[in-house]
Amino acid sequence: MTRGATDIRPSEARTRLLTTATRIFYSEGIHAVGVDRIIAEAKVTRATFYRHFPGKEDLILAYLREVHAMDRGRIEAAIAAAGPSPADQALAVAGAIAAGIRSPGFRGCAFLNAAAEYPDEAHPVHQEIIAHRQWFLDTLTTLMAQVHQETADPAARHFVMLRDGAMAAGCLFDPALVVETFLRGIEGLLRINTERRSAESAAA
């Protein structure tokens, strides 16, 4: 019994540290927040922190991986719930992004925010950011290929740019207006590519 409790405590402490860091890093920035603040707010000892995270960089990487897992879960759930139509799935992805922009405490894209603080391409944090963005681009490229194969790559990149703009604008302007503009842009993008596929099918 005692052994079981001991085994659980480190996991609980790590979760508390990561939850605290995720909240503060996202709302206040990464460089602005020190390890001492996270230790204090997570209510753990310094020794406990370093047992789970050898340094702040390890915690930052864990934070980004946690956000990636949450983002991936939301996107995959949206796609699964949208039904078999690729266009509907892409619209569902846009809807999930829009919901995030409208959510309380929205402060933009965690990865774009982190990229501004870690511009060095060789830095492990920057590489983690790029890995997340590559996953998102790959996901969209797969979707857009089902809408129109020949334009999948540029269409997916267009989607990402619309998303990035909406995420940046969403914490500066009225989120409702930002979301409306973003969704209209995605609908237009899908309409153009759907019409291209229909025209090619009719000409074949």
Side-chain angles (χ1 to χ4, degrees), residues 1-80 93 96-97 99-101 103-142 156-157 159-161 163-168 170-172:
M1 183 73 173
T2 303
R3 182 180 176 183
T6 303
D7 290 343
I8 291 171
R9 274 198 298 271
S11 176
E12 291 177 343
R14 186 184 188 281
T15 298
R16 202 156 60 244
L17 282 163
L18 186 53
T19 299
T20 301
T22 298
R23 173 175 54 82
I24 304 176
F25 283 161
Y26 180 68
S27 62
E28 299 182 25
I30 297 173
H31 289 323
V33 179
V35 167
D36 288 344
R37 166 106 179 266
I38 293 168
I39 289 171
E41 295 205 17
K43 296 181 172 58
V44 300
T45 65
R46 181 173 290 276
T48 297
F49 174 87
Y50 285 110
R51 185 162 65 246
H52 293 288
F53 302 102
K56 183 180 176 181
E57 183 178 300
D58 300 278
L59 178 60
I60 296 166
L61 290 171
Y63 153 65
L64 291 174
R65 288 164 188 160
E66 179 73 9
V67 177
H68 167 76
M70 292 188 291
D71 283 355
R72 183 166 187 160
R74 281 191 291 267
I75 296 302
E76 291 179 348
I79 292 172
V93 171
I97 294 166
I101 294 171
S103 65
F106 177 74
R107 296 294 300 272
C109 171
F111 291 91
L112 291 178
N113 294 347
E117 296 195 61
Y118 290 87
D120 181 1
E121 294 181 2
H123 197 286
V125 171
H126 190 93
Q127 292 174 1
E128 196 71 33
I129 295 163
I130 296 303
H132 167 80
R133 290 182 63 79
Q134 188 62 53
W135 160 79
F136 186 56
L137 179 61
D138 290 345
T139 299
L140 291 174
T141 303
T142 298
R157 293 183 184 280
F159 193 124
V160 172
M161 291 182 68
R163 177 263 184 197
D164 288 349
M167 295 289 273
C171 55
L172 296 172

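Computation of the quantities below employed the complete heavy-atom set of this structure, encompassing side-chain atoms and omitting hydrogens, waters and symmetry-equivalent molecules.
Heavy-atom minimum distance, I101 versus G170: CG2-CA, 3.9 Å. Scanning all heavy atoms of the two residues, the minimum distance from A13 to T48 falls at CB-CG2, 3.6 Å. In plain terms, the two heavy atoms of D120 and H126 that are nearest each other are O-CB, 3.1 Å. Looking at every heavy atom in both residues, I38 comes nearest to L59 through CD1-CD2, 3.5 Å. Contact detail for A78 and A96: the closest heavy-atom pair is CB-CB, 4.2 Å.
The line from CD of Q134 to OG1 of T139 is 9.5 Å long, rounded to the nearest 0.5 Å. Distance check, rounded to the nearest 0.5 Å: CZ of F111 to NE2 of H132 gives 4.0 Å. The CD1 atom of I75 lies 7.5 Å from the CG atom of L140; values are rounded to the nearest 0.5 Å. Separating the CG atom in D71 from the CD atom in E66 is a distance of 10.5 Å, to the nearest 0.5 Å. For the atom pair OG1 (T141) and CZ (R157), the distance works out to 6.5 Å, reported to the nearest 0.5 Å. From L64, atom CG reaches atom OH of Y26 across 12.5 Å, with rounding to the nearest 0.5 Å.
Inter-residue side-chain proximity for Q127 and I130 is flagged as unmet; no heavy-atom pair is nearer than 4.5 Å. Contact check for F25 versus V67: no side-chain heavy atoms found under the 4.5 Å cut-off. Side-chain contact between I97 and M167 is present, with heavy atoms from C-beta onward closer than 4.5 Å. Looking at F136 and V93, their side chains come closer than 4.5 Å, going by heavy atoms from C-beta outward. Between E128 and H68 the shortest side-chain heavy-atom distance does not fall below 4.5 Å.
Every side chain to side chain contact (heavy atoms under 4.5 Å, CB included) that E117 has, sequence neighbours left out, goes to I30, H31. For T142, the side chain to side chain donor-acceptor pair (under 3.5 Å) test picks out no residue, with sequence neighbours left out.
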How far apart are the C-alpha atoms of D164 and R133, what are their side-chain angles, what is the distance that settles it, and do they pass the side chain to side chain contact (heavy atoms under 4.5 Å, CB included) test? CA-CA 11 Å; D164 288 349; R133 290 182 63 79; 2.6 Å; yes
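Open room surrounds CE on M161; 12 or fewer heavy atoms of other groups in view lie less than 6.0 Å from it.
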